[in-house]
Amino acid sequence: MTRTTPPRPVDIEAVLPALSAHRRTATRLHPRQGVANAEESSVAGPLLWPADEPWPVCTAAHTKGTGHRPADVRLKRRVLAGARGRDFSDEERRILAATGPGRHAPDLGGEPLPLSAVAQLYTRDIPDLVGPEGHDLLQVFWCPFEVHGPDRTIDVVLKWRRSHEVGDVLTDQPEPPVAGREECVPTPCVLHPERVVEHEYLGLLSDALQDDIADWEEGLLDDEENDEDAYDSSAPQSYATYEEYEAAMAGTRAREEYEVDYMGDLSIAPGWKVGGFASWHLTDPAPVDCAACGAPMPPLLTVDKCEWDGGSSSWLPLEDRDSADDPVVIDPVGVYLGRGLMRIHTCPVDPTHRHRLSFQ
Ligand SMILES: [Zn+2]
Ligand SMILES: [Zn+2]
């Protein structure tokens, strides 16, 4: 099934034409749980990985005595999702107790740890995926111990390929026997890429444009107050029939549609995506420049803790309206890095320059 982001509630470039200079496309990946094949874009594999090529490993010391087996993490997630809205069965209780932290952490014995296959993205599916000339496939890995990369951040490894050069595909694909934290283990997902338009993070626009946006938002609030004056607040709070209730709710929904704001609806799409802009809602904006050539690096892949925040988000795809509160649909991948968001930035001048990460 495809995923369709509703049109933005306002054509903001018609209101503020100067914003057209701060537009970028992004491809929302719309991961949903399921297993793809190696010829498809996916989260958590299987990858189009050559049978005769070594799997990437982390060579840092993984001496930690506790952790989580990825298979246990996935089993626990299945149990929690399956029991939604009811009590656990005895069997489910047994599984949850047995898959708790530290229960089965194997001794890693100082061996290099195979990295987790995190994502595989084909440029044919994802128009905003731009890599080195002639490469059409990006494979993303990380070490699920979070702190083995530069500056004690997560160690992320990118592999760009020409997919037609891959012959026999590795059938038994390695995965780390243990993860430092459950939220570093991605649940396998299929992707439903969809291109959307974004506008630059508010705090990075000129002061004049920020003022224009604030004035415009204030104008919307004034309109809304006028509407509420017209609303009959003496309306009954209990309803004789379902039809009455529906009519009242429809009125409420119509008013809610006025609660549009730049940051929430017109700027940056939530969820896993390729391209687009970086949001700096938790920290001040920080430059992410290429260490090799100094070019500002836009985000290539954004890894988000959820696909939208709450059921009323205007970014909720039409196809998911009936499952807007389902945790498995809101957070299909189960990954939580930083304070919810990790971005992999690549160099626009030369994508083979070393990537950088940013977190929110
Ligand atoms: Zn590691
Ligand atoms: Zn560079």
Side-chain angles (χ1 to χ4, degrees), residues 24 43-45 47 49 53-74 101-102 104-119 123 128-135 138-160 173-186 274-278 285-303 333-338 342-359:
R24 236 179 236 170
V43 162
L47 304 186
W49 192 265
E53 195 172 309
W55 191 264
V57 295
C58 178
T59 55
H62 301 89
T63 51
K64 204 169 163 183
T66 61
H68 306 263
R69 291 179 192 272
D72 285 349
V73 173
R74 295 188 182 117
H104 293 288
D107 180 8
L108 296 171
E111 291 291 304
L113 192 78
L115 296 184
S116 298
V118 173
T123 55
D128 293 295
L129 184 70
V130 179
E133 185 72 31
H135 293 68
L138 172 65
Q139 295 168 327
V140 181
F141 302 83
W142 63 49
C143 170
F145 278 77
E146 273 198 296
V147 293
H148 293 151
D151 304 324
R152 291 187 60 79
T153 56
I154 190 164
D155 187 26
V156 171
V157 171
L158 304 183
K159 174 69 188 177
W160 286 97
Q173 304 202 346
E175 77 168 352
V178 62
R181 201 162 58 80
E182 285 179 85
E183 292 84 359
C184 294
V185 178
V274 168
F277 288 103
V288 183
D289 298 332
C290 177
C293 74
M297 298 166 101
L300 181 74
L301 176 64
T302 297
V303 170
V333 184
V335 161
Y336 191 109
L337 299 176
M342 182 196 67
R343 296 176 288 244
I344 302 169
H345 300 249
T346 51
C347 178
V349 176
D350 183 345
T352 64
H353 289 166
R354 165 114 192 138
H355 67 268
R356 296 186 63 181
L357 305 179
S358 69
F359 296 88

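Indexing begins at 1, ligand by ligand and atom by atom, following the structure's order. Computed from a prediction, not measured in an experiment: that's the story for all the values here. Position 1 is the first residue of the sequence; numbering continues from there.
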Number of protein N, O or S atoms [distance to the Zn ion (ligand 1) under 2.8 Å]: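 Every protein N, O or S atom under 2.8 Å from the Zn ion (ligand 1) counted, the figure is 4.
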
No-hydrogen, no-angle side-chain donor-acceptor test under 3.5 Å, T153 and D151: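 No, D151 and T153 have no side-chain donor paired with an acceptor closer than 3.5 Å.
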
Polar contact flag, side-chain donor to acceptor under 3.5 angstrom, R343-T302: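 No, because no side-chain N or O of R343 sits under 3.5 Å from a partner of the opposite role on T302.
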
Metal-centred angle, the Zn ion (ligand 2) as apex - ND1 of H353, SG of C293, 10° resolution: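 Output for this angle: 120°, rounded to tens.
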
Listed partners of Q173 passing side chain to side chain donor-acceptor pair (under 3.5 Å), at least two apart: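 In terms of side chain to side chain donor-acceptor pair (under 3.5 Å), with neighbours along the sequence ignored, Q173 is linked to no residue.
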
Test side chain to side chain donor-acceptor pair (under 3.5 Å) applied to D289 - qualifying residues, sequence neighbours left out: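 Listed in chain order: nothing, the list is empty.
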
H355 side chain reached by V156 side chain, heavy atoms, under 4.5 Å: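 They are in contact (side-chain heavy atoms under 4.5 Å apart), so the answer is yes.
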
All side chain to side chain contact (heavy atoms under 4.5 Å, CB included) counterparts of F277, not counting sequence neighbours: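 For F277 the side chain to side chain contact (heavy atoms under 4.5 Å, CB included) partners, ignoring immediate neighbours, are R24, E198, E200, I268.
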
